[in-house]
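Inspection log for the structure reproduced underneath, given as structure tokens.
Counting begins at 1 with the first residue of the sequence.
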Amino acid sequence: MLDVRFPAGPPVTVDHLLDEVMAGSRLSVGDDRILDFLVAFGRLLLRPALARRHPELGTLGSFLRPGELLRTIDALRGDHVRMPRGLAFHVPPADVDTVFVYSWALSALTGNRNVVRLSPRAGPMAATIVDALQEALDDADPVVAATQRIICYDRSPTITAALSLACDLRVIWGGDRAAHEIRRHPLAPHARELTFPDRSSFAVVRASAWLGAPRAARAAVAEGFVNDSYWFDQAACSSPRTAFWVGSRADCDAARAAFAACLALAVERRGWAVDAAMAVQRRVAAYERAADLHDDALALATAITAPRRWLGAGTFAHARLGSLAELIPLVGRRDQTMAHFGFSREELMELAHALAGRGVDRMVPFGDALSFHRVWDGMDVASEFTRLVTVFA
């Protein structure tokens with residue numbers, strides 16, 4: 001049996017669930033009824049009391065603003081007719097509570113019926129989100145409740161297989177292991193799949209720019225880095241795990257020390273705390289790095305040894321580069337987001353062309369690493385949720 005979280009209801013069988021969601025009215029790309037619901041839901045997430053308790057939801061609420069959603073629809077316009085793919089089955093990770101909303105919202109906005117599977121291990125923020133969805137449903141068109149489902153079930157090959165075979169598009173978040181596990185279940189021949197595999201991200205700072213920045217700018221950059229890193233305990237794929245400092249050794253040493261001081265103040269202001277289990281994880285990871293490098297694991301290590309794996313919340317390795325171009329041979333396909341400070345758009349464009357697709361799908365200022373965009377992991381996700389109909393007259 002499936003625990004139906006949205007719309008709230010009694011447990012159902014997978015066959016009953018599919019019968020219900022497929023019987024609802026048809027939707028169109030940019031359907032006003034779904035658009036109105038998403039906007040209302042986004043406004044609930046931006047309520048001051050909720051934003052203070054869960055600041056991460058502010059980013060999600062901003063993503064659901066009317067202007068942002070309309071820009072997404074406008075970007076899909078062209079010479080072809082855009083149609084929904086049909087039924088989308090989403091399998092998000094348990095450790096990043098908000099990520100399922102982004103893919104579900106884009107899929108719903110483009111007219112798809114949706115079934116989202118929440119893990120029983122999802123955190124309390126997932127429950128907060130579902131409560132807000134349920135509240136927004138009170139004033140929504142009945143088509144929303146008829147075509148959208150959020151369900152919860154523990155690992156069940158039988159249920160996952162049935163939903164996979166029934167869907168027109170399967171969306172897998174959560175990394176390589178999740179993708180391999182779920183891909184054991186076949187799709188219908190016409191169905192497509194979007195996967196978001198294991199990714200890692202890093203930050204790049206021009207040391208001289210940091211040293212020359214006014215105090216207010218430094219504080220703002222540190223605040224942005226805190227948002228990028230400490231939300232979701234640094235487990236999000238776009239949270240930086242390594243900081244590359246570009247410049248002379250003297251400048252990099254001085255900039256890193258000053259940055260660490262600003263970062264500590266920002267963390268203290270935000271009231272971030274590390275529980276005992278996380279503290280142990282961080283210490284073990286640091287010792288492992290030190291043993292691997294025969295050195296201080298988190299000091300200015302050689303860039304080639306910069307870690308990709310998660311080392312624990314608030315743990316960062318540091319490496320020095322003489323120039324931004326030295327980053328090119330170090331980038332791999334797994335690298336997703338590069339948060340940056342101190343570089344011009346022209347320099348970043350030059351780097352993007354030089355990387356030639358070998359890695360890094362996003363280059364964003366500090367503070368924007370977790371800001372979701374319809375273009376993610378190098379894909380136009382909104383476009384992937386639609387199909388094109390060619391009409392010649």
### Task
May I ask you to test the I151-L163 pair for a side-chain heavy-atom distance under 4.5 Å?
yes
### Message
Applying side chain to side chain contact (heavy atoms under 4.5 Å, CB included) to I34 and V144, what does each step give before you reach the verdict?
### Response
CA-CA 7 Å; I34 295 292; V144 178; 3.9 Å; yes
### Query
Excluding sequence neighbours, so at least two apart, what forms ring pair (Phe, Tyr, Trp, His ring centres under 6.0 Å) with F366?
F225
### Query
Under the side chain to side chain contact (heavy atoms under 4.5 Å, CB included) test, which residues partner S28, sequence neighbours left out?
D31
## Note on the structure
Rounded to the nearest 0.5 Å, the CZ atom of R320 sits from the CG atom of D251 at a distance of 10.0 Å
### Message
So R192 and E384, do their side chains get closer than 4.5 Å, heavy atoms only?
### Response
yes
### Task
Taking only Lys NZ, Arg NE, NH1 and NH2, and the carboxylate oxygens of Asp or Glu, determine whether D3 and R117 approach each other closer than 4.0 Å.
no
### Message
Once you measure the plane-to-plane angle for W173 and F196, does it fall in the parallel (<30°), tilted (30-60°) or perpendicular (>60°) bin?
### Response
parallel
### Query
R82 and T386: side-chain donor and acceptor closer than 3.5 Å?
yes
### Query
Should side-chain heavy atoms under 4.5 Å link Ile, Leu, Val, Met, Phe, Trp and Tyr, which residues sit in the same cluster as V364?
none
### Message
Under a 3.5 Å distance rule, please check whether R5 uses its side chain to pair with a backbone N or O of I150 as donor and acceptor.
### Response
no
### Task
State which residues pass salt bridge (charged side-chain N to carboxylate O under 4.0 Å, His left out) with D74; sequence neighbours excluded, sorted by chain then number.
R77
Identify all side-chain donor-acceptor contacts of residues 121-132 below 3.5 Å with residues at least two apart in sequence or on another chain.
unit_1: R121; atom_1: NH2; unit_2: S119; atom_2: OG; d: 3.4
unit_1: T128; atom_1: OG1; unit_2: P124; atom_2: O; d: 3.3

### Query
Can you list the residues that meet the side chain to side chain contact (heavy atoms under 4.5 Å, CB included) rule with A258, with sequence neighbours excluded?
W210, R218
### Query
Between CZ of R177 and CD1 of I182, what distance do you get to the nearest 0.5 Å?
11.5 Å
### Message
Going by side chain to side chain contact (heavy atoms under 4.5 Å, CB included), name the residues that satisfy it together with V81, two or more places apart in sequence or in a different chain.
### Response
M83, V389, V391
### Task
Hydrophobic side-chain clustering at under 4.5 Å (ILVMFWY, transitive links): who's grouped with M349? Put none if nobody.
none
### Task
Carefully, step by step, assess T98 and H54 under the rule side chain to side chain contact (heavy atoms under 4.5 Å, CB included).
CA-CA 11 Å; T98 62; H54 297 294; over 6 Å; no
### Task
Flag the pair C167 / L187 as yes when at least one side-chain heavy-atom distance between them is below 4.5 Å, and no otherwise.
yes
### Query
Can you list the residues that meet the salt bridge (charged side-chain N to carboxylate O under 4.0 Å, His left out) rule with R85, with sequence neighbours excluded?
none
### Message
Less than 4.5 Å apart, side chain to side chain, heavy atoms only: is that true for H185 and L165?
### Response
no
### Task
Report yes if the side chains of R52 and R47 come closer than 4.5 Å at any heavy-atom pair, otherwise no.
no
### Task
Return the set of residues passing ring pair (Phe, Tyr, Trp, His ring centres under 6.0 Å) with F372 (not counting sequence neighbours), or none when no residue passes.
F63, Y102, W376
### Query
Which residues pass the ring pair (Phe, Tyr, Trp, His ring centres under 6.0 Å) test with F89, sequence neighbours left out?
none
### Task
Evaluate the criterion side chain to side chain contact (heavy atoms under 4.5 Å, CB included) for residue pair L50 and L44; output intermediate values, then yes/no.
CA-CA 8 Å; L50 190 58; L44 292 177; 5.8 Å; no
### Query
Crowded around E350 CD? As in, over 12 foreign heavy atoms under 6.0 Å?
no
### Message
If I take atom CZ from residue F341 and atom CZ from residue F259, how far apart are they, to the nearest 0.5 angstrom?
### Response
10.0 Å
### Query
Is there a side-chain contact between L64 and L69, using heavy atoms and a 4.5 Å cut-off?
yes
### Message
Please report the interatomic distance CE(M338) to OG1(T242), rounded to the nearest 0.5 Å.
### Response
13.5 Å
### Message
Is it the case that the side chain of D141 and the backbone of R33 share a donor-acceptor pair, with hydrogens and angles ignored and the cut-off at 3.5 Å?
### Response
no
### Query
To the nearest 0.5 Å, what is the distance between CG (L327) and CZ (F202)?
4.5 Å
#### Entry: With S239 via side chain to side chain contact (heavy atoms under 4.5 Å, CB included) - residues at least two apart
Q234, A236, L370
### Task
Could you give me the CA-CA distance, side-chain angles and deciding distance for E347 and R206, then say whether side chain to side chain contact (heavy atoms under 4.5 Å, CB included) is met?
CA-CA 12 Å; E347 289 175 299; R206 190 192 297 279; 2.4 Å; yes
### Side-chain heavy atoms of D176 within contact of P197, under 4.5 Å
yes
### Message
Between V171 and W104, is there a side-chain heavy-atom distance shorter than 4.5 Å?
### Response
no
### CG on D139 to CG on D36, rounded to 0.5 Å
11.0 Å
### Residues, nucleotides or ligands: over 12 heavy atoms within 6.0 Å of D79 CG
no
### Query
Does the pair R199/D361 count as a salt bridge with the N-to-O cut at 4.0 Å?
yes
### Message
Assess, by modelled atom type and distance only, whether the side chains of H90 and S103 contain a donor and an acceptor separated by less than 3.5 Å.
### Response
yes
